[in-house]
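Before any comments, here is the structure.
Read the numbers this way: they start at 1 and go in the same order the structure lists the ligands and their atoms. When a residue number appears, it is its place in the shown sequence, counting from 1.
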Amino acid sequence: MSLLPSLSDLIARARTDLRMGLPVALRGPGGIVLAAAAETLGTERLADLAHLEGPALAITRRRADTLKARAYAADLARIPLPRDADLHWIRAVADPSGDLATPMKGPLQTLRAGDDAPARAALALAKSARLLPAALLAGAPDAPEGLTVLPLDGLHARLAEVPDLPEVVAAGLPIAAHVTTRLHVYRPTDGAEEHYAVEIGRPSRDAPVLARLHSACFTGDVLGSLKCDCGPQLHAALEQMGEAGAGVLLYLNQEGRGIGLSNKMRAYSLQDQGFDTVEANHRLGFEDDERDFRIGARLLDRLGFRAVRLLTNNPRKVDRLRAAGIDVVERVPLKVGQTRFNHHYLATKAAKSGHLL
Ligand SMILES: Nc1nc2c(ncn2[C@@H]2O[C@H](COP(=O)(O)OP(=O)(O)OP(=O)(O)O)[C@@H](O)[C@H]2O)c(=O)[nH]1
Ligand SMILES: [Zn+2]
């Protein structure tokens with residue numbers, strides 16, 4: 001019946017539930033598994049989950065490696081919940097901010113037997129809710145009334161897909177770089193973040209367009225942070241397009257290379273403790289880059305652009321766009337915004353993430 005929620009609707013709900021500290025119910029061949037995000041779980045719900053069957057804390061392999069816990073799966077580890085575990089213990093396993101101050105968590109036993117699929121889905125949901133990737137899971141005889149119930153079948157595949165991105169609206173927006181500019185807003189059908197396209201001038205759809213895929217950086221774009229080069233890159237790209245009289249800048253709301261602002265600031269706090277940008281992501285349980293550039297390809301396609309001259313220093317963006325069917329005819333370097341505060345950050349990106357200096 002069309003009035004019932006689709007899988008995308010359920011995913012959108014699940015994200016909100018997890019952010020509020022509510023568990024979601026995952027229905028698979030083994031029955032119902034309840035999953036709650038470690039970051040938002042409260043004391044009473046922890047007590048209730050702890051009384052269910054086989055409570056275990058799922059973390060990513062990245063986090064497991066940091067904690068020296070053995071991950072039997074390629075991507076995650078499940079730690080059986082110790083009998084005396086409280087919220088403090090759960091947060092300490094999930095959140096690296098106290099790793100140096102309280103190295104008390106180990107040795108951590110991990111589970112080999114049992115199905116990893118519910119844990120995998122829960123971690124993907126936590127990531128897509130921009131929470132720390134750690135979730136408490138426990139088997140339940142049935143789903144308590146009122147909880148969001150998601151079928152495990154197809155869930156992980158759906159979370160890995162690019163959602164449909166219909167355009168909500170487009171309107172003229174004269175900006176300093178060019179007076180003939182239009183801002184387009186796209187809203188994904190799975191309730192995730194909206195993305196924007198800034199169309200400068202009237203670029204032809206028949207020739208390669210000067211384009212940039214810019215990932216949101218509140219600290220750099222808005223506050224003028226000196227820790228990264230995002231703000232100057234954003235403005236230089238718009239200026240270059242303005243001077244050329246045509247271009248398209250996709251502003252993708254993938255803050256912090258796709259981990260969200262809270263997690264990015266957690267990474268900054270780890271950087272204050274001496275870890276570099278890649279190490280900080282890993283300690284938090286993330287890959288160094290969690291962005292999905294297929295969204296950029298989808299938006300270019302929607303706008304009618306098949307070929308681009310891409311403003312970037314990141315070869316991965318070029319590769320991902322090409323893999324998604326966009327013809328990147330040229331990579332145009334964008335070297336602005338070096339400061340004494342971001343020298344180490346840019347050098348790390350070059351050494352570890354393949355950026356071209
Ligand atoms: N996790 C994390 N994200 C960061 C950090 N510093 C900046 N960012 C984010 O990194 C992203 C940078 O985006 P871009 O400038 O589009 O991408 P890029 O990979 O640097 O590639 P180009 O700028 O195109 O060369 C933004 O989402 C920032 O919020 C950091 O230390 N940790
Ligand atoms: Zn930045």
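In this structure, the ring of Tyr251 has its center less than 6.0 angstrom from the ring center of His214.
For Arg212 and Gln233, the side-chain atoms include at least one donor-acceptor pair closer than 3.5 Å. Counting only N and O atoms by type, the side chains of Ser97 and Asp95 include a donor and acceptor under 3.5 Å apart. Under the 3.5 Å distance criterion, with hydrogens and angles disregarded, a donor-acceptor pair is assigned to the side chains of Ser215 and Arg291.
The main-chain N or O of Gln240 is never found under 3.5 Å from a side-chain atom of Glu243 such that the two would form a donor-acceptor pair. Side-chain atoms of Arg63 never come within 3.5 Å of backbone atoms of Ala134 as a donor-acceptor pair (strictly under, hydrogens ignored).
Note on Ile32: it clusters hydrophobically with Leu147, by side-chain heavy-atom contacts below 4.5 Å among ILVMFWY residues.
With respect to Asp116 and Arg78, a salt bridge is recorded, a charged nitrogen being found less than 4.0 Å from a carboxylate O. A salt bridge between Asp301 and Arg306 is present, with a side-chain N of the basic residue lying under 4.0 Å from a carboxylate O of the acidic one.
Protein residues with a heavy atom under 4.0 Å from ligand 1 are Arg212, Leu213, His214, Ser215, Ala216, Cys217, Cys230, Gln233, Gln254, Glu255, Gly256, Arg257, Ile259, Lys264, Tyr268, Gln271, Thr277, Asn281, Arg291, Thr312, Asn313, Asn314, Lys317, Tyr345, Lys349, His355.
Neighbouring protein atoms of the Zn ion (ligand 2) (N, O or S, distance under 2.8 Å, waters ignored): Cys217 SG, Cys228 SG, Cys230 SG.
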